[in-house]
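In what follows, a single structure is set out as structure tokens and then discussed.
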Number of protein chains: 2
Amino acid sequence: MNHRLTARGKERRRQLMEFAAARFAENGYHPTSVAEIVQGMGVGKGVFYWYFSSKEELFLEILRQAQHELRRRQQQAIGEEPDPLRRIELGIRASMSWLAENRHLFTLFQFAASEERFSPSLRRGQDVAVDDVVRHVKEGIVAGRIRDTDPLVLTHAVLGVTNHLARNFIFERGEPADEVANAAVAFCLEGLSPG
Amino acid sequence: MNHRLTARGKERRRQLMEFAAARFAENGYHPTSVAEIVQGMGVGKGVFYWYFSSKEELFLEILRQAQHELRRRQQQAIGEEPDPLRRIELGIRASMSWLAENRHLFTLFQFAASEERFSPSLRRGQDVAVDDVVRHVKEGIVAGRIRDTDPLVLTHAVLGVTNHLARNFIFERGEPADEVANAAVAFCLEGLSPG
DNA sequence: GGGGTTCTTGACCGAGCGGTCATGAACCCC
DNA sequence: GGGGTTCATGACCGCTCGGTCAAGAACCCC
């Protein structure tokens, strides 16, 4: 748990997290036992408790890291873009492509949101990403390019569209991420209204 | 399980479902044991297995009924309204107020979506509601009142906005359902764009 | 009030869980 | 090659879980 890890150790830990995340997403967190994880990795049980102090801690770690990666990807995509509306668009596109590549982690987000044990941790991470978007929205409002309403509301609306479309069209229908991203961007900009 | 139930029996069954739904939402489905449910109701374990053949069946039944209620509420709100855009709006408002009164059931929807055992059943119910909205959207497109894009995409975008705003503003911030509904409707109509 | 049906009890079961630990292998630096 | 650290084993523990069942209470209709 609180050990100094060698390069070998860190790699082992990473593999455990990756494998466990896949099992959790496929089978559910509770139905997936520690025994199942270590058997799947072909190691003894002690290995698990060498790297993690509990099953719960492992899950929280997976969550934390996934949120971190997603945010990095967003920031990387946005770069130095000056236009706030375009920043929002780039964020949506980055999220879509990350979600397409990591659908199993999205499932874990969903599970975490449904269990009080994990939802606070999820919230904390998501608030960071929300703040990013809120900043762009505020800028857009000041520039008169975005409707003058509560920026937090607009931000969550954008997130809602992005996540829901990702789930229904990328995950369940296997549509390409960039097409779904196009649709999400269009909806966020204009809603249902024609031109 | 497959018994003829008297009025008394049906009431008992209803109470069990209600109590279990509350516990599932608060504690999670897996962490809530059958023993905990029957103790909370002050009855013996046999009662549970008289009314339900398994914990899983109970959960599916709760899910089914919740989806049924939500849909009924939507259809009731829409009534005979002729304007398709207005029908969509009324649907959003009805969903918001139902969600505000049944946030625990929304939590169960979320959990169900995260576990493969339950998500098919959830999907089936949601597809019905989706079809309703798709019909309104198509009408709106024909009338030239809605952007001419894949109606299914537009529908899911509307659902995404509604659910996400409900969760973040009604559940987590306790804002009044009708105000959140206003925001959702506005976003769905115009998106981010000003006027 | 007899007899069939509906409902209730709670001790009990086998299985599986998360987590521990004594023991030792592998590795690394001197 | 000795000695400290890191990593690995898997039998084992206490416990709780979902589910069963023999027994009987409550209810209902004739």
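We name chains A, B, ... by the order of the sequence lines, and we start the count at 1 in each one. What you see is a predicted model, and the numbers here were worked out from it, not measured in a lab.
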I need the [atom1]-[atom2] distance between [X] and [N], as an integer number of Å.
X	N	atom1	atom2	result
A:E11	D:dC7	CD	P	12 Å
B:F52	D:dG19	CZ	P	13 Å
B:N27	D:dT16	CG	P	15 Å
B:E56	D:dG19	CD	P	8 Å
B:E57	D:dG18	CD	P	15 Å
B:F48	D:dC21	CZ	P	17 Å
B:R4	C:dG4	CZ	P	17 Å
B:L58	D:dG18	CG	P	11 Å

Please determine whether ring-ring contact (aromatic ring centres under 6.0 Å, His included) holds for the pair A:F24 and A:F111, giving the CA-CA distance in whole Å, both sets of side-chain angles, and the decisive distance to 0.1 Å. CA-CA 10 Å; A:F24 287 161; A:F111 167 73; 8.4 Å; no
Regarding B:Q15 and B:E11, is there a side-chain donor-to-acceptor distance under 3.5 Å anywhere?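 B:Q15 vs B:E11: donor-acceptor pair found between side chains.
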Under 4.0 angstrom between A:R12 side-chain N/O and D:dA8 OP1 or OP2: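 It does, given that an N or O in the side chain of A:R12 lies less than 4.0 Å from OP1 or OP2 of D:dA8.
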So, is B:W50 near the phosphate of C:dT8, with a side-chain N or O under 4.0 Å from OP1 or OP2?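 Negative; the distance criterion is not met.
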For B:G9, answer base if it contacts any base atom (sugar-phosphate contacts may also be present), sugar-phosphate if it contacts only those atoms, and nothing otherwise; contact means non-hydrogen atoms under 4.0 Å.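 The residue B:G9 makes sugar-phosphate contact but no base contact.
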Base, sugar-phosphate, or nothing for A:K45, non-hydrogen atoms under 4.0 angstrom?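 Base, at least one base atom sits under 4.0 Å.
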Tell me which nucleotide among C:dG18, C:dT8, D:dA8 gets nearest to the side chain of A:Y51.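 Ranking C:dG18, C:dT8, D:dA8 by closest atom to the A:Y51 side chain puts D:dA8 first.
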Would B:R173 and B:F169 count as a cation-pi pair here, with the cationic atom under 6.0 angstrom from the ring centre and within 45° of the axis?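 Yes, a cation-pi geometry.
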Strictly below 4.0 Å, N to O, side chains only: are A:E139 and A:R135 in salt-bridge contact?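 Between A:R135 and A:E139 there is no salt bridge, as every charged N stays at least 4.0 Å from the carboxylate O atoms.
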Are the charged groups of A:E69 and A:R73 less than 4.0 angstrom apart, N to O?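 A salt bridge is absent here (no side-chain N lies under 4.0 Å from a carboxylate O).
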Stepwise side-chain contact (heavy atoms from CB on, under 4.5 Å) test for B:H156 and B:V158: CA-CA 5 Å; B:H156 277 294; B:V158 170; over 6 Å; no
According to the Watson-Crick and G-U wobble definitions, with both distances under 3.5 Å, which nucleotide is paired to C:dC30?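 Its partner is D:dG1.
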Check nucleotides 24-30 of chain D for protein N or O atoms closer than 3.5 Å to its own N or O atoms and list the pairs.
none

Of all the heavy-atom pairs spanning B:Y29 and B:K55, show the shortest one and how long it is.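 Where B:Y29 meets B:K55 most closely, the heavy atoms are O-NZ, 3.0 Å.
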Which heavy atom in B:L165 sits nearest to a heavy atom in A:V153, and how many Å separate them?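 In terms of heavy atoms, the two residues are closest at CD2-O, 3.7 Å.
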Mark yes when over 12 heavy atoms from residues, nucleotides or ligands other than A:R117 sit less than 6.0 Å from its CZ; otherwise mark no.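 For A:R117, atom CZ is crowded (more than 12 foreign heavy atoms under 6.0 Å).
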Check DNA chain C against residues 30-44 of chain A and give the residues with a non-hydrogen atom under 4.0 Å, in numerical order.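 Those residues whose heavy atoms fall under 4.0 Å from DNA chain C, taken from residues 30-44 of chain A in numerical order, are A:T32, A:S33, A:V34.
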